[in-house]
Each structure stands twice: as structure tokens, then as C-alpha cells.
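Contents: one structure, followed by commentary.
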Amino acid sequence: MGGIPLRGELGERARDILAGRAEPVPARDAATVVLLREDPRQGVEVYLLRRTASMAFAAGACVFPGGSVDPRDADQALAWAGPPPAEWARAFRTSEGTARGLVCAAVRETFEESGVLLAGPSAREVVADTTGDDWETDRLALIDRSLPFTDFLARRSLVLRADLLRPWGHWITPVAEPRRFDTRFFVAALPPGQRTRDVGGEADKVIWVRPADALDQARRGLIRLMPPTYRTLREVSAHPAVAGVLAAEREIVSYMPGIAEVDGEMRIVLDDDYGPGVG
């Protein structure tokens, strides 16, 4: 049995949880989006951010855009196009209210962390450019939570394009972690005309990279990938075109890595070999 070592206070916490001396913290609902584009020469590429070393969760790891659901994300006044919350609820095996919040969080967090907005002036259109100073002002206001996402869309007369997202996966942070997330994974294509930009904040580097190349860099220790990111990249790498990723039939299975003591050391237990650079 391999896995990821849990050392220091984290290892002691894991041991206490296994022994019943401590309780896991509740996992917060979160959404993450695998943003895709197709390069004529490279094929499918994904957008990754490297989290700053000062972050309390996943410091230094390369991740997809995403974050916790804001309670205001579930506001039913928001203009919506595409599959209704009930359909997302069935896909992710959750309530309609939670599903609505997850989809809104997916769109909001993608804009906050990449500048890409999956919304448009109508159910058939998507914003073509989000690079102006006024967009940046709104992005920062969303980040500091002074601007609710619903108000942001309403003020610009925009409709959330839920039809541009597809459900992909569901990962729950192991019980030993002091910060835990119940995260649904989505995939989406970069809208025509839009482009990502280095927006700073929680990330110190952003890249577009082929999934296979990101996996190779992790194995060579050049980047760090957490298990959900590693597995998702491996799954996406099986598709030669973005259209294939978006058309993939997915049964969403919840996955939470376990914890166990292995040769006197506490470890996060994984069900396959993620290789070096992962953890």
C-alpha cells in the first residue's frame, strides 16, 4: 500500500481521527472547472494555475480554476440558460439548491481566476471580450465578495450559460485535512474570442498545457499535482479533441481518498499509482 505521507501535525491529526479522538471538519461545497482549448498543432490543452506557496490549501500545486460556493450563488433571481438545476442535481446526486450554487460557483470562480466568463447577452451568445478595466474592477469586487454574482450578471444584462459546462467528477477532501472541500468537477471549452490572462491573487503562475505533458512534468518532479487533478488530466488526455471531452458520457462517482497507518506512518491512501510530483 502506497499513498501520500501525512507528517507532523497533519499525521497526528489523522491518527487521532482514526482512533476516534478527533472529528473531521465538515467539507464545504466547491466547484472547479477544467478549461479547455484546442491548439492546431498541440491538440487539447488545459488551463492550470500554480497556487502560491502561502496558500493554506494545496500550496504550490497546479490546479484548475475553482473554489467554494458562496451562499449567494444559489440566488434564483439569476438569469440562466441551459440545463436546469434539477438536471445538474441528478448528475451530481445532490439537491437542486446545491446544484444551482455549484454551477454558479463554477462560472464565477472561472471568471475570478482566469478572466473567462461563461455568460452572454442571450441564451445563444457568449461574451466576446472581458479584458477592459471595467471587467477587472468587477472581477476584483467578486473576489472580495463586495459584489454578488447575481448582481454582476444583472447589471450587465448577462445570462449564465450553464449549457457551456459539462459534469465530470466529484472529489471529497480526505478526513484528516483541516480544510475540506466537497468538490464537483466540470469541463468547459474556452469561448471564441475570449482569452485567459494572468490575473494574480491566489496563483503565481498560469499555463496552457497538454494534459499528457502536465502528467509527464509531474512524474519528473517539475510541477506538483494533487490526486484529483492528476486523475482528471489523465482522463481528459484520452480525448484527442475538445469536442470529444465535452461529448464524453460520464457517470459521476464520488471519491474520497482514505487514511491509514502504513509501516508506522500515516498516509492518504489512493486506489492507483499517481507517481512522483503528486500529493
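Basis for what follows: all heavy atoms, side chains included, without hydrogens, waters or symmetry-related copies.
Side chain of Thr173 to backbone of Phe181: a donor-acceptor contact under 3.5 angstrom is found. Panel note: side chain Arg50, backbone Cys62; no donor-acceptor pair is recorded below 3.5 Å. Checking side-chain atoms of Gln194 against main-chain N and O of Val127 turns up a donor-acceptor pair under 3.5 Å. Proximity of a side-chain donor or acceptor of Asp151 to a complementary backbone N or O of Pro148 within less than 3.5 Å is not detected. Thr229 contributes no side-chain N or O that, together with a main-chain N or O of Val63, makes up a donor-acceptor pair within less than 3.5 Å. With hydrogens and angles ignored, the 3.5 Å screen pairs a side-chain donor or acceptor of Glu113 with a backbone N or O of Gly66. Side-chain N or O atoms of Arg250 include none that pairs as donor or acceptor with a backbone N or O of Ala247 at under 3.5 Å. Remark: the backbone N or O of Ala81 is not paired with any side-chain donor or acceptor of Arg161 at under 3.5 angstrom. Between the side chain of Trp88 and the backbone N or O of Arg100 there is no donor-acceptor pair closer than 3.5 Å.
Sparse packing is recorded around CZ of Arg28, with 12 or fewer heavy atoms of other residues, nucleotides or ligands lying under 6.0 Å away. More than 12 heavy atoms of other residues, nucleotides or ligands sit less than 6.0 Å from atom CZ of Arg21. Taking a 6.0 Å sphere around CG of Asp144, one finds it holds more than 12 heavy atoms contributed by other residues, nucleotides or ligands.
Across all their heavy atoms, Leu165 and Ala106 have their closest contact at CD1-CB, 4.3 Å. Listed here is the closest heavy atom pair of Met226 and Ala61: CG-CB, 4.0 Å.
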Chi angles and distances behind the side-chain hydrogen bond (donor to acceptor under 3.5 Å, both in side chains) call for Trp168, Glu235:
CA-CA 10 Å; Trp168 193 265; Glu235 292 169 344; 2.8 Å; yes
Set out, in order, the CA-CA distance, both residues' side-chain angles and the distance that settles ring-ring contact (aromatic ring centres under 6.0 Å, His included) for Phe111 and Phe152, then state yes or no.
CA-CA 11 Å; Phe111 179 61; Phe152 162 68; 5.4 Å; yes
Go through the steps to decide whether Leu160 and Val103 satisfy the test side-chain contact (heavy atoms from CB on, under 4.5 Å), and finish with yes or no.
CA-CA 9 Å; Leu160 181 145; Val103 173; 3.9 Å; yes
side-chain contact (heavy atoms from CB on, under 4.5 Å) for Asp29 and Arg184? Distances and angles first, verdict last.
CA-CA 8 Å; Asp29 284 319; Arg184 272 69 168 199; 3.4 Å; yes
Arg72 vs Arg145, test: side-chain contact (heavy atoms from CB on, under 4.5 Å). Steps then yes/no.
CA-CA 10 Å; Arg72 298 173 298 178; Arg145 299 297 183 260; 3.4 Å; yes
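Between Phe186 and Phe92, the ring centre distance stays below 6.0 Å.
A continuous path of ILVMFWY side-chain contacts below 4.5 Å connects Leu18 to Met256, so both sit in one hydrophobic cluster. Tracing side-chain contacts under 4.5 Å through hydrophobic residues (I, L, V, M, F, W, Y), one never reaches Val159 starting from Leu147; they form parts of separate clusters.
Cation-pi geometry between Arg231 and Tyr255 is met: the NZ or CZ atom falls under 6.0 Å from the ring centre, inside 45° of the normal.
Side-chain atoms of Glu177 and Leu10, non-hydrogen and from C-beta on, do get closer than 4.5 Å to each other. Contact check for Val107 versus Leu153: no side-chain heavy atoms found under the 4.5 Å cut-off.
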